[in-house]
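Computation of the quantities below employed the complete heavy-atom set of this structure, encompassing side-chain atoms and omitting hydrogens, waters and symmetry-equivalent molecules.
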Amino acid sequence: EKHIRTIKSYVVRGGRLTQSQQNALDDLWPSLGLERQHGLLNSEEVFSNDNPLVFEIGFGMGASLAQMAKENPNQNYIGVDVHPPGIGTLLRKIDELRLNNIRVFQDDAKLILQECIADNSLDKVQIFFPDPWHKKRHNKRRLIQAEFVYSLLPKLKENGLIHLATDWENYAEQMMEVLSSIK
């Protein structure tokens, strides 16, 4: 049996967890963390409401995601990232702000979309400042590719939104090209 290595759009970077981040992971993950092995997410069960669902890929240290959740209590947020210090920081922020409308996956967003997100369940997908993989030979690693966007579309409700942002002009051009080609 031959194992085919897939191209990842992210790298789990090193970095130490602060004691505060580790404590947040230890103490808050059981109530705020979501696990891929649990299968399809039932957002009404998770959040105890049927509010619109926003799915954010790559929330970094989580400051903007926590702020959005605070300012929009009538929306639910699912954040996906792979960086433990960022996840710990977001969990701590959720606890500090006493937010009940955010849950978090620590996993590959592509796998979460495939295995945990039902079709027609997301009102919005947001991807802010994904890794630009600025070297030309690494552009194949960029998350925003036609194949990925096509995998997002069935997950969106009718009139759902994909909100992208980058500060790399070349990547912005690629994003526009990819989105413009979607039929």
Side-chain angles (χ1 to χ4, degrees), residues 8-131 143-144 148 151-152 154-157 160-166:
K8 299 275 188 210
S9 65
Y10 63 89
V11 173
V12 180
R13 292 180 171 81
R16 294 181 222 225
L17 286 166
T18 65
Q19 191 59 54
S20 174
Q21 291 165 338
Q22 185 63 59
N23 291 344
L25 286 166
D26 294 342
D27 299 341
L28 302 171
W29 185 260
S31 60
L32 299 172
L34 299 170
E35 302 285 345
R36 179 167 40 111
Q37 62 264 27
H38 293 148
L40 275 182
L41 177 76
N42 180 332
S43 66
E44 288 186 32
E45 214 172 83
V46 169
F47 294 105
S48 301
N49 63 53
D50 64 349
N51 290 345
L53 186 59
V54 178
F55 187 79
E56 181 163 336
I57 297 173
F59 54 76
M61 297 306 275
S64 68
L65 182 56
Q67 188 64 34
M68 278 183 266
K70 179 183 175 188
E71 292 173 4
N72 299 289
N74 293 323
Q75 291 186 352
N76 295 325
Y77 294 84
I78 299 289
V80 182
D81 209 305
V82 294
H83 188 59
I87 293 165
T89 299
L90 176 59
L91 294 175
R92 189 178 65 227
K93 193 73 164 166
I94 292 168
D95 188 53
E96 285 171 12
L97 296 173
R98 306 234 184 278
L99 301 173
N100 60 7
N101 60 337
I102 303 181
R103 298 296 183 276
V104 181
F105 279 103
Q106 180 179 350
D107 212 318
D108 182 331
K110 290 179 179 180
L111 295 175
I112 297 302
L113 282 164
Q114 286 173 352
E115 300 175 25
C116 301
I117 305 300
D119 289 352
N120 301 307
S121 65
L122 302 176
D123 293 274
K124 185 179 193 180
V125 174
Q126 48 194 40
I127 306 169
F128 301 144
F129 306 98
D131 194 330
L143 181 61
I144 308 305
F148 177 70
S151 74
L152 283 179
K155 306 302 178 182
L156 289 169
K157 291 180 181 175
L161 298 172
I162 298 175
H163 187 166
L164 306 175
T166 183

Going by side-chain contact (heavy atoms from CB on, under 4.5 Å), name the residues that satisfy it together with Ala24, two or more places apart in sequence or in a different chain.
Leu28, Leu91, Arg92

Show which side-chain atoms of residues 50-61 pair as donor or acceptor with protein atoms under 3.5 Å away, not counting sequence neighbours.
unit_1	atom_1	unit_2	atom_2	d
Glu56	OE1	Gln126	NE2	2.7

Side chains of Gln67 and Leu97, heavy atoms from C-beta outward: is any pair under 4.5 Å?
no

Give, for atom CD1 of Ile144 and atom CG of Leu164, the distance between the pair rounded to the nearest 0.5 Å.
4.5 Å

Report yes or no: does Gln21 contribute a side-chain atom to a donor-acceptor pair with the main-chain N or O of Pro85 at less than 3.5 Å?
yes

Nearest 0.5 Å, what's the CD1-OG distance between Ile117 and Ser43?
8.5 Å

Short side-chain to backbone donor-acceptor contact, Asp107 and Ile112, under 3.5 Å
no

With sequence neighbours left out, write down each residue that passes side-chain contact (heavy atoms from CB on, under 4.5 Å) with Pro154, or none if nothing qualifies.
Asp119

Hey, what do you get for CD1 (Ile162) to CG (Leu156), rounding to the nearest 0.5 Å?
5.0 Å

Do Leu152 and Leu113 have side-chain heavy atoms sitting under 4.5 Å apart?
yes

Show the nearest heavy-atom pair for residues Ile87 and Val82, with the distance to one decimal.
CD1-C, 4.3 Å

Show the nearest heavy-atom pair for residues Ala66 and Leu90, with the distance to one decimal.
CB-CD1, 4.0 Å

When you compare the side chain of Gln106 with that of Pro84, does any pair of heavy atoms fall below 4.5 Å?
yes

Are the side chain of Lys93 and the backbone N or O of Gly62 linked by a donor-acceptor pair below 3.5 Å?
no

Counting heavy atoms not belonging to Glu45, are there more than 12 under 6.0 Å from its CD?
no

Is it the case that over 12 heavy atoms from other parts of the model lie below 6.0 angstrom from the NZ atom of Lys155?
yes

Test item: Val104 and Ile94 side chains (from C-beta on) under 4.5 Å apart, heavy atoms:
yes

Mind checking the OG-CG spacing from Ser121 to Leu41? Nearest 0.5 Å is all I need.
7.5 Å

Which pair of non-hydrogen atoms, one from Ala69 and one from Tyr77, has the smallest distance, and what is that distance?
CA-CE1, 3.5 Å

CG (Leu161) and CG (Asp123) are apart, to the nearest 0.5 Å, by 8.5 Å

CG on Leu25 to CG on Leu32, rounded to 0.5 Å
10.5 Å

Side chain to side chain contact (heavy atoms under 4.5 Å, CB included) assessment of Leu111 paired with Phe105:
CA-CA 11 Å; Leu111 295 175; Phe105 279 103; over 6 Å; no

Test item: Asn42 and Val46 side chains (from C-beta on) under 4.5 Å apart, heavy atoms:
no

